[in-house]
Amino acid sequence: MASPLVFIDGDQGTTGLQIHERLRNRSDIQLVTLPAAERKDPLRRAEAINGADIAILCLPDAAAKEAVAAIENPAVRVIDASSAHRTTEGWVYGFPEMDAGQAQLIAGAKRVTNPGCYPTGAISLLRPLIQAGLLPRDYPVNVQAVSGYSGGGRPAVEQYEGPSAAQALAFQVYGTALAHKHPPEMQRYTGLTHRPIFVPAYGAFRQGIVLTVPLELRLLAEGVTGEQLHAALNSHYAGSQHVRVISLEESKTLTHLNPQALNGTNDMDLGVFINEEHGHVLLSAVFDNLGKGASGAAVQNLDLMLAHG
């Protein structure tokens with residue numbers, strides 16, 4: 001029996017390059033990419049995607065929608081790494097650890113939408129707490145995150161690694177209009193009733209994310225403690241291969257969070273930091289924006305789909 005054909009459409013971008021790197025030496029699949037001269041040929045791209053068993057789209061949103069529209073072969077399965085279909089009905093959200101049955105849904109799906117890097121962190125922290133009844137659905141959530149500049153794609157990589165790299169900012173907050181494309185995704189999959197405030201930033205490092213969500217215990221149900229929040233996360237991710245909840249003992253000794261700590265992996269560390277005196281809790285997620293936040297997640301979803309057959 002022939003190995004499954006996996007076509008990467010857009011393998012020259014930051015996400016696509018990393019997916020290609022992770023897959024190129026595997027013997028259980030046949031990896032298909034297009035030469036440079038054919039990448040913008042709609043007929044050749046349509047032929048490649050319709051000939052694939054699984055297509056991985058690493059494209060801008062508009063191009064991803066065009067690629068899906070070009071599919072005529074009903075057997076083709078898709079993993080879309082863009083944000084084009086993240087809140088589209090009929091697409092399975094590609095965060096295997098989100099719920100107990102999510103990995104099985106991904107395994108059997110025809111259409112899988114890869115999560116955004118920032119939403120991966122926010123959803124991983126907030127959804128289990130809301131499902132456990134510890135965090136009100138109408139809580140005024142504020143998500144702050146710092147990512148490596150690769151999160152900005154090829155233009156940002158060029159800015160920081162090209163000829164004018166010496167002039168690149170060491171740190172920059174963006175999304176100040178509070179109209180970033182990620183909050184609807186965060187709201188939908190956390191279960192929040194209101195759009196969260198999201199403040200993203202880039203640092204002068206290539207990849208990695210620290211995402212934090214501050215909570216005030218006085219705004220939670222009476223008697224809810226930081227220890228209960230930690231226990232809920234610990235229970236949700238018990239046995240997870242890629243998501244670790246750091247112990248409360250370890251969090252008490254941490255004086256800083258390193259966004260690059262898990263670079264090159266598909267792992268994510270979640271933390272709960274408690275200040276009992278002030279009634280404040282800080283939730284944190286550390287992971288690689290090109291690993292668990294993009295390429296690693298796509299390969300994890302691919303493996304689930306391949307195992308299903």
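Just so you know, these numbers use all the heavy atoms, side chains as well, and skip hydrogens, waters and symmetry mates. Along the sequence shown, residues are numbered consecutively beginning with 1.
- For L233 against S124, the heavy-atom pair with the smallest separation is CD2-O, 3.8 Å.
- Atoms CG and CG, on N142 and L215 in that order, are 10.0 Å from each other to the nearest 0.5 Å.
- Taking CG of D80 as the start and CG of L57 as the end, the distance is 5.0 Å to the nearest 0.5 Å.
- No side-chain heavy atom of I274 sits under 4.5 Å from any side-chain heavy atom of L229.
- Under the 4.5 Å side-chain contact rule for hydrophobic residues, W91 and L59 share a cluster.
- Looking at N73, its side chain does come within 3.5 Å of a backbone N or O of N50 through a donor-acceptor pair.
- Q144 places no side-chain N or O within donor-acceptor distance of the main-chain N or O of V199, the cut-off being under 3.5 Å.
- One hydrophobic cluster, built from ILVMFWY side chains closer than 4.5 Å, cannot hold both F95 and V92; they sit in different ones.
- Within a 6.0 Å sphere centred on CZ of R154, other residues, nucleotides and ligands contribute 12 heavy atoms or fewer.
- Considering only residues two or more places apart in sequence or on other chains, Q159 meets the side-chain hydrogen bond (donor to acceptor under 3.5 Å, both in side chains) condition with none of them.
- A side-chain N or O of D61 and one of S83 form a donor-acceptor pair less than 3.5 Å apart.
- Side-chain atoms of N114 come within 3.5 Å of backbone N or O of A294 as a donor-acceptor pair.
- Under a 3.5 Å cut-off, the side chain of H230 and the backbone N or O of I246 do form a donor-acceptor pair.
- By the 4.5 Å heavy-atom criterion applied to side chains, H242 and T265 are not counted as neighbours.
- With rounding to the nearest 0.5 angstrom, the OG1 atom of T88 is 7.0 Å from the NZ atom of K65.
- Note on V224 and L135: same hydrophobic cluster, where clusters join Ile, Leu, Val, Met, Phe, Trp and Tyr whose side-chain heavy atoms are under 4.5 Å apart, directly or indirectly.
- Using a 4.0 Å cut-off between a side-chain N of Lys or Arg and a carboxylate O of Asp or Glu, R244 and D267 do not qualify as a salt bridge.
- Looking at every heavy atom in both residues, E158 comes nearest to P163 through OE2-CD, 3.2 Å.
- Below 30°, between 30° and 60°, or above 60°: for Y118 and H182 the angle between ring planes is above 60°, a perpendicular geometry.
- Put simply, the side chain of Y93 does not reach to within 4.5 Å of the side chain of D99, judged on heavy atoms.
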Side chain to side chain contact (heavy atoms under 4.5 Å, CB included) evaluation trace for V243 with F287: CA-CA 9 Å; V243 182; F287 55 105; over 6 Å; no

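- Residue pairs satisfying the salt bridge (Lys or Arg N to Asp or Glu O under 4.0 Å) criterion with at least one member in residues 181-197, sequence neighbours excluded, are listed as follows: R86-E185, E89-R188.
- Looking only at side-chain heavy atoms (C-beta outward), I209 and C117 come within less than 4.5 Å of each other.
- Taking the side chain as every heavy atom from C-beta outward, V143 and L125 never approach each other to under 4.5 Å.
- Across F7 and A52, no two heavy atoms sit closer than the pair CB-CB, 3.8 Å.
- The line from CD of Q18 to CG of L23 is 11.5 Å long, rounded to the nearest 0.5 Å.
- Taking both residues in full, the closest heavy atoms of N266 and A297 are given as OD1-N, 3.2 Å, listed atom of the first, atom of the second, then distance.
- Separating the CD1 atom in I106 from the CD atom in Q104 is a distance of 9.0 Å, to the nearest 0.5 Å.
- In this structure, the side chains of L283 and V272 come closer than 4.5 Å at one or more pairs of heavy atoms.
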Take D269 and E250 through the side chain to side chain contact (heavy atoms under 4.5 Å, CB included) test and state the conclusion after the steps. CA-CA 12 Å; D269 278 359; E250 184 179 349; 5.8 Å; no

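- Formation of a donor-acceptor pair under 3.5 Å by the D53 side chain with backbone atoms of L5 is found in this model.
- Within 6.0 Å of CD in E276 there are 12 or fewer heavy atoms belonging to other residues, nucleotides or ligands.
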Stepwise, does the side chain to side chain contact (heavy atoms under 4.5 Å, CB included) test hold for E227 with L248? CA-CA 8 Å; E227 288 79 7; L248 289 176; 3.9 Å; yes

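- Between the side chain of T193 and the main chain of R137, a donor-acceptor pair closer than 3.5 Å is present.
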Hey, mind stepping through E47 and R44 against salt bridge (charged side-chain N to carboxylate O under 4.0 Å, His left out) and telling me if it holds? CA-CA 5 Å; E47 179 182 314; R44 184 66 187 92; 3.5 Å; yes

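- No side-chain heavy atom of Y189 sits less than 4.5 Å from a side-chain heavy atom of L126.
- The backbone N or O of G116 lies less than 3.5 Å from a partner atom in the side chain of T120, making a donor-acceptor pair.
- When the side chains of ILVMFWY residues are joined at heavy-atom separations under 4.5 Å, either directly or via intervening members, L134 and L219 end up in a single hydrophobic cluster.
- Side-chain atoms of R77 come within 3.5 Å of backbone N or O of M305 as a donor-acceptor pair.
- Between H180 and Y174, the two ring planes are tilted [angle within 30° to 60°].
- Heavy atoms only, all atoms of each residue included: D288 and G264 are closest at OD2-N, 2.8 Å.
- Ion pair R24/D11 not flagged as a salt bridge, since none of the NZ, NE, NH1 or NH2 atoms sits closer than 4.0 Å to an Asp/Glu carboxylate oxygen.
- Between Y149 and the choices Q207, R206, E161, the side chain to side chain donor-acceptor pair (under 3.5 Å) rule is met once, by E161.
- Side-chain contact between M186 and P119 is present, with at least one heavy-atom pair separated by less than 4.5 Å.
- More than 12 heavy atoms of other shown residues, nucleotides or ligands fall within 6.0 angstrom of atom NZ in K110.
- Put simply, I19 and L17 are part of two different groups of oily side chains (I, L, V, M, F, W, Y) that touch within less than 4.5 Å, one to the next.
- For the pair Q228 (side chain) and T225 (backbone), a donor-acceptor distance under 3.5 Å is present.
- Atom CD1 of I79 sits about 4.5 Å away from atom CD1 of I56, to the nearest 0.5 Å.
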Going through the distances and angles, do F273 and L257 end up as a side chain to side chain contact (heavy atoms under 4.5 Å, CB included)? CA-CA 11 Å; F273 300 85; L257 294 169; 4.0 Å; yes

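- Scanning both residues, R45 and E38, for their nearest heavy atoms gives CG-O, 4.1 Å.
- Using a distance-only test at 3.5 Å, with no hydrogens or angles considered, a donor-acceptor pair links the side chain of H236 to the main chain of E97.
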